[in-house]
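All heavy atoms count here, side chains included; hydrogens, waters and symmetry mates do not. Residue numbering restarts at 1 for every chain, and letters A, B, ... go by the order of the sequence lines.
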Number of protein chains: 2
Amino acid sequence: MEENLKLDNQLCFRLYTASRLLTQVYNPLLSEYGLTYPQYLALMVLWEKDAMPVNDIAKKLFLETNTVTPLLKRMEAEGLVTRDKSSNDGRQTIVRLTQKGYSLREKLSFVPDKVGSAVICETVTPETVPALFKMLDDIILRLKA
Amino acid sequence: MEENLKLDNQLCFRLYTASRLLTQVYNPLLSEYGLTYPQYLALMVLWEKDAMPVNDIAKKLFLETNTVTPLLKRMEAEGLVTRDKSSNDGRQTIVRLTQKGYSLREKLSFVPDKVGSAVICETVTPETVPALFKMLDDIILRLKA
DNA sequence: TATATTTGCATCGTGAACGATATAAATTAA
DNA sequence: TTAATTTATATCGTTCACGATGCAAATATA
């Protein structure tokens with residue numbers, strides 16, 4: 001059969017699989033703190049810069065607001081963030097970390113190293129990871145343009 | 001703040017984003033034929049080898065049967081596959097392509113090249129893709145072990 | 001050959017993703 | 001300044017993912 005239509009030849013399938021499997025490494029670590037992986041990503045955005053409108057958070061994550069809004073509402077229900085209308089612009093909802101949300105930063109500081117060590121292998125080492133990052137960044141940049 | 005906790009430093013976030021964005025390139029092409037990306041993956045598995053039990057399809061896709069079963073039932077409802085109990089082993093459900101499911105193989109043969117050309121960029125070329133594949137394969141292999 | 005265990009699949013509940021649509025505030029144009 | 005348009009967010013419906021659980025068929029064990 002045509003080589004092109006073989007699963008083994010597909011970049012997207014590899015990205016999809018690697019993404020899912022690596023997320024599964026995060027899951028048990030995060031669920032200890034009642035978090036999902038996308039919620040952890042939202043926290044990382046807010047740890048870098050607090051008090052952001054929904055749209056800015058969505059842009060950082062390359063997601064649409066129709067994905068991020070329910071995510072943030074679940075996080076609000078968990079007491080991780082607050083969501084308030086902006087006084088400057090009544091359309092915006094400003095998302096802020098609660099003490100609980102902020103305090104997870106230190107509690108989860110062990111996660112990156114733990115996950116990192118789970119992927120180190122023959123062709124994926126501290127030396128080769130920058131090249132891998134560059135390729136993935138270029139793909140993301142290309143697909144956003 | 002700690003460098004490790006920055007979004008920019010995360011491999012998983014890159015894989016997750018690249019996977020989502022690349023899937024979005026497939027979506028308009030596949031939806032013409034009423035397909036989703038995971039359904040397309042299942043078809044690729046069956047195009048390579050027809051009449052497979054659910055579990056074998058799941059393994060090829062690195063998914064669990066609780067994801068694949070509903071997927072295949074939707075594909076059955078669309079007339080793409082049939083699902084029948086195996087006579088050898090009454091626990092197995094054997095999935096087979098219908099004529100409709102089989103005929104999509106040719107109709108969708110344009111997809112890989114179209115998607116491929118969407119990702120070609122500075123650091124992602126026919127020369128560098130094999131190295132990228134190897135890295136992703138190693139990550140997948142490492143995480144499955 | 002009964003009983004226990006494993007295997008293959010299905011079901012259920014929850015949380016994403018995402019296209020489509022809605023709505024209200026802000027901005028622009030007439 | 002009213003009307004048209006754009007922007008920011010929210011809501012809805014469908015389809016994954018996936019942990020947990022259930023169940024019947026097959027296999028292993030006593």
With hydrophobic residues grouped by side-chain heavy-atom distances under 4.5 Å, do [X] and [Y] end up in a single group?
X: B:L41; Y: B:V119; result: yes
X: A:Y37; Y: A:F110; result: yes
X: B:L15; Y: A:V25; result: yes

Practice task
Determine whether any donor atom in the side chain of A:N66 lies under 3.5 Å from an acceptor atom in the base of C:dG19, or the reverse, and answer yes or no.
Solution key: yes
Taking only side-chain nitrogens and oxygens of [X], does any of them come within less than 4.0 Å of OP1 or OP2 of [N]?
X: A:T36; N: C:dA16; value: yes
X: A:T65; N: D:dT9; value: no
X: B:Y16; N: C:dA17; value: yes
X: B:T69; N: C:dA10; value: yes

Handout entry: Residues touching DNA chain C, which here means a heavy atom under 4.0 Å, drawn from residues 70-104 of chain A
Key = A:L71, A:R74, A:N88, A:D89, A:G90, A:R91
Whole-Å distance between [N] [atom2] and [X] [atom1]?
X: B:R20; N: C:dA16; atom1: CZ; atom2: C1'; result: 10 Å
X: B:I57; N: D:dC16; atom1: CD1; atom2: P; result: 14 Å
X: B:Q39; N: C:dC18; atom1: CD; atom2: C1'; result: 15 Å
X: A:N27; N: C:dT14; atom1: CG; atom2: C1'; result: 13 Å
X: A:F13; N: D:dA17; atom1: CZ; atom2: C1'; result: 14 Å
X: A:L63; N: C:dG15; atom1: CG; atom2: P; result: 17 Å
X: A:E64; N: C:dC18; atom1: CD; atom2: P; result: 8 Å
X: B:L30; N: C:dC18; atom1: CG; atom2: P; result: 14 Å

Are more than 12 heavy atoms, taken from residues, nucleotides or ligands other than [X], located less than 6.0 Å from that residue's [atom1] atom?
X: A:K85; atom1: NZ; result: yes
X: B:K134; atom1: NZ; result: yes
X: B:Y102; atom1: OH; result: no

Completion exercise
Applying the Watson-Crick and G-U criteria (both distances under 3.5 angstrom) with [ ] for crossing and | for other-strand pairs, one obtains for DNA chain C ||||||||||||||||||||||||||||||
Can a donor-acceptor pair be found, under 3.5 Å and without considering hydrogens, that links the side chain of [X] to the backbone of [Y]?
X: A:R142; Y: B:I120; answer: yes
X: B:S103; Y: B:K100; answer: yes
X: A:S86; Y: A:T93; answer: no
X: A:S31; Y: A:N27; answer: yes

Problem - Which nucleotide in C:dC9, D:dA17, C:dA17 has an atom nearest any side-chain atom of B:V54 - result: C:dC9
Completion exercise
Taking for B:P53 and for B:Q24 the nucleotide of DNA chain C with the nearest heavy atom, the one nearer the 5' end belongs to B:P53
